[in-house]
Each structure stands twice: as C-alpha cells, then as structure tokens.
Number of protein chains: 2
Amino acid sequence: MPDSEQSPSKKERILDAAEELFALHGYDGVTLRQIAQQAEVDVALASYHFGKKRDVFEATFLRRAQIINDLRLKSLQQMQATQGDSLSVEDIVTAFLKPIQALQMNANPGWQNYCALVAYINSSAVWGKELMHRNFDPLVNRYMTALRQALPNATPEKLHWCYHYLSGALTLTMANTGRIDRLSEGRCHSDDFQTAYDLMIPFVTQGMLAVCGD
Amino acid sequence: MPDSEQSPSKKERILDAAEELFALHGYDGVTLRQIAQQAEVDVALASYHFGKKRDVFEATFLRRAQIINDLRLKSLQQMQATQGDSLSVEDIVTAFLKPIQALQMNANPGWQNYCALVAYINSSAVWGKELMHRNFDPLVNRYMTALRQALPNATPEKLHWCYHYLSGALTLTMANTGRIDRLSEGRCHSDDFQTAYDLMIPFVTQGMLAVCGD
DNA sequence: AGTTAAATTCAACAGCTGTTGAAAATCAAG
DNA sequence: CTTGATTTTCAACAGCTGTTGAATTTAACT
C-alpha cells in the first residue's frame, strides 16, 4: 500500500497535530482533546493507537528521529568520501548542521514543528532527556570521534563542552522562538535558516579551534 | 521591618517554591496546589497575594530580574573603567557571562533555580518571550552597542546572530539539564559552572571574531 | 453476502484544576 | 482590651483532564 500522494491516515494526523502542539506549548501545555480536535478525530483514538499520553509524545518524537540520524550519518560519510579520511573541524560542523538546515528550509511544515519539538526536549530538565540520550547520542558520538581526530590535542572534557555550546546555539535556532526578531527590531528573522546556519558554521568552528586547538 | 536574618515570609516562600517548580517543569507542568504544598501554605494564598496563576509566574520572574540587570550593567561599567573606553570582544563577553557564573556558583539555591527559569522562558515559543523582551533586552542592547564599537566592520545582522548563538549556549548552560553528563558518560558535569563559563568565553569570543571580524 | 478483525466513536468515570467568597486568625494602633 | 485592617484558611464551584469499556462503523477476505 503506497502512502505517497495519499491523504494522511487518522493515525498520522494525530501525530501531525501532536507534533505542532507539543512543539509550541510543551508536553503539559497540550491536552489530548486539543490534539484530537486539531486532527479532526475523536479523543479516544489517540489512546487506542498509542496508549497513554506520554506514549503519544514518544511516538511523535520517534517518528522522525531515525530519519534525522540517517541524514546526519550520510552527511558525515559523504564528507569523509569527498574530503579524504581526515576532516577539518569546519567539515565536521558543516556535516552536522547542513541536514538540519535543509529540513527546516523544507516546504513540509511538519519538519519545522519537529525541529522545534526536539529543541523543547533538549532543553527540558526532566524525563525528556532520556529520549535524547537513547535516540541521538549514538550518532553524536560518531561526530565526537571525528572531532577527536581533527583536534588531537584537545581533552575529552573540552570537546564535550564545545559540543555543548554548539548544541545550545543549535537548539535555540531550531526552537524558532522569534526572540531574535524582537531584539533586532525586525532586522533578523528566526526563520531565516539560510543565514542562521551559514553563520553558525564559522562561529562554532572558530570557537572550537580557540578552545581545543593547539 | 528588616527582612535580613529573618525566616522568609509565606509570600516569599510561595515565590521560592514557584521558582523551583516552574524551572523544573515549566508553566503548565506545575499546579498552584503543588506550589502551595511545597511552600507549606494554603492554596488560596497564592491567589490572594499575586492574582491569577500567570501573575504568580510573572512575580517569580520579576523578583530577581532587576538584580541580574544591575549586576550585568555594573560588570560592563567596571570593565570600561579598568580597560579604557574601547573594550575588546573578550572583555565584553566576559563582562556578560561572569555575573551569571557567579550567581549559579552561589550557595543560595534560589539563584540556580532562577537561572533555570530564565532559560526556560528564553527557549519558550509563546508568551514568555514578551517578558524577556521587556525586562532583559534593554540591557542586552547596551552590550550590543559595546560589541558594535569593538567590531566596527560587522553588519548589525551578523552581530545579532552572533549574540543569538551566545544566547543559545548560555541558555542551555543556565538550564542545567544534565545532558552533558549523560553524553560525556560522567566526564563533564552540568553544574560545573566554573569550567562551563571559563570555556564559553574563548569559544564565543573567537566565534564572534570569525563571523564579524575584519 | 457473510465473517472476522481492525478502526473509530460514544458515553461516562473519578480526579484534579484555577478561582473565589466567606469565615477565621493574626497583627497594628489607639 | 477594642477596633480595624491585613493575612491566612476553609469550603466549594464549574470545568477540564486522561483513561476506559462498550457500541458502532469500516475494512479485509472468503
């Protein structure tokens, strides 16, 4: 049963609605009834398909997580194929950020909502971080390995803190909160992902070299 | 009526409890009854003192906002007094980050909770950002002015994006989520603010110079 | 068409939510 | 102590919450 060119099933509509609402208001700021209403579906259907409310949230998170991981893995491998086996810091940072930039510039609004959802989970202090650890950290460790090779004199501690800063800048950008629009009085736009990521690459690259370089 | 060396009033206990719980679970993840229970106070007292639930949240946010602004303003002025009128990028970044580092390393746990609360608001996509704009952006603009002088060839757009990256790295650090502990398998600690901010300064400084330097 | 399973809705539940008006307690001042 | 104001509690409200079991519709297959 091909699902291309086909209106999304009710099950998928529930995840679409959950994706948007959870990203905007967080886990506790959304009710199953709001999700059902936006998906034009009965309240009980979410429980039937996914179980408890937390399972709805997890299903929303898991639906696209593997796709992002695959894109980022391919991005790193392709960079290694074209640039040789020893990558520069800029190569690694570029490989890490470009897939996210492409997703957020995508016409499909689902990916924008999903990126904001991941940002919400990443900056959440409670149970959400366990989801991040299980689903994203294995891939992040591949990038950490590449960084260790590009910066052989750096301590693991410094490398992790540098990734932490990258993660923070990336998270706030993915969250797409509109803060920069206000602060810059309209000169910058939260959804100008072209500029956001193109400038983030040299920023993070030189930051890492400053902290971890020889 | 002096309030030093005096056990905190019930009104203050409510704000202390709200500070901790809102920082941990977000606005919708906390009920007035939970706040009242932690403050060992009746439910209705929060409404009596502050009004609606949103007013409790705003009061929690406003209680310490001006103190942070004053500290940061003094920090910038002191840097200008000692370093002369033309500050380096590193001076400005240092003046911006050091007060927060001091607050989070403070023995008073209230400030740690408050820093996490500010991080929550800053990465929230909804009404919270208005609070940030009104209470923090005036001070941030003073720092932006200093940065414009230190980087005269940078466009305002690039400068704002650089501050955005700084803000992201800072927000994730203030949030103190424990993510870095997991990813680094115990090598780094979210609450090692000494290392966190000492490394953030060169990271952000060189990032800004790379994007906005000549 | 008939049968079986899956998908979807309906109806209802016990429990919790923010909020408020009245009662009670505490405090300040004469 | 009496008075009046402020603070704190009590009790209750209407409305919303997640969840579930039964009923109904839709789909799949013979």
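Chain A is the first sequence line, chain B the second, and so forth, proteins listed ahead of strands; every chain is numbered from 1.
- Atom P of nucleotide D:dT19 and atom CZ of A:R54 are separated by 10 Å, given to the nearest angstrom.
- Among pairs with a residue in residues 27-51 of chain B, none fulfils salt bridge (charged side-chain N to carboxylate O under 4.0 Å, His left out), at least two apart in sequence or across chains.
- The CG atom of A:D28 sits 15 Å away from the C1' atom of D:dC16 (whole-angstrom rounding).
- The salt bridge (Lys or Arg N to Asp or Glu O under 4.0 Å) test applied to A:E130 returns B:R182, not counting sequence neighbours.
- Listed by chain and number, the residues in a side chain to side chain contact (heavy atoms under 4.5 Å, CB included) with B:A17 are B:I35, B:Q38, B:A39 (sequence neighbours excluded).
- If you measure from atom CD1 of B:I14 to atom P of C:dG18, you get 14 Å, rounded to the nearest angstrom.
- As rounded to whole Å, 13 Å separates atom C1' of D:dC16 from atom CZ of B:R33.
- Atom NZ of A:K53 and atom P of D:dT20 are 15 Å apart (whole Å).
- Distance CD/A:Q112 to CD/A:E20: 10.5 Å, rounded to 0.5 Å.
- Rounding to whole angstrom units, CZ of residue A:F50 and C1' of D:dG18 are separated by 16 Å.
- For A:T173, the side chain to side chain contact (heavy atoms under 4.5 Å, CB included) partners at least two apart in sequence or on another chain are A:A196, A:Y197, A:M200, B:H164, B:Y165.
- Within 4.0 Å (heavy atoms only), B:V56 reaches no atom of the nucleic acid at all.
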What side-chain donor-acceptor pairs closer than 3.5 Å can you find for residues 51-59 of chain A, not counting sequence neighbours?
{"residue": "A:K53", "atom": "NZ", "partner": "A:Y27", "partner atom": "O", "Å": "3.1"}
{"residue": "A:K53", "atom": "NZ", "partner": "A:V30", "partner atom": "O", "Å": "2.8"}
{"residue": "A:D55", "atom": "OD2", "partner": "A:K52", "partner atom": "N", "Å": "3.0"}

Enumerate the protein-to-nucleotides 8-11 of chain C contacts in which both atoms are nitrogen or oxygen and the separation is below 3.5 Å.
{"residue": "C:dT8", "atom": "OP2", "partner": "A:H49", "partner atom": "NE2", "Å": "2.9"}
{"residue": "C:dT8", "atom": "O3'", "partner": "A:K10", "partner atom": "NZ", "Å": "3.1"}
{"residue": "C:dT9", "atom": "OP1", "partner": "A:K10", "partner atom": "NZ", "Å": "3.0"}
{"residue": "C:dT9", "atom": "OP2", "partner": "A:D42", "partner atom": "N", "Å": "3.1"}

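- Among the heavy atoms of the strands lying under 4.0 Å from B:T31 are primed sugar atoms or P, OP1, OP2 only; no base atom is included.
- Between the P atom of D:dT17 and the CG atom of A:L32 lies a distance of 9 Å, rounded to the nearest Å.
- Whole-Å rounding puts the A:D55 CG to D:dT20 P distance at 10 Å.
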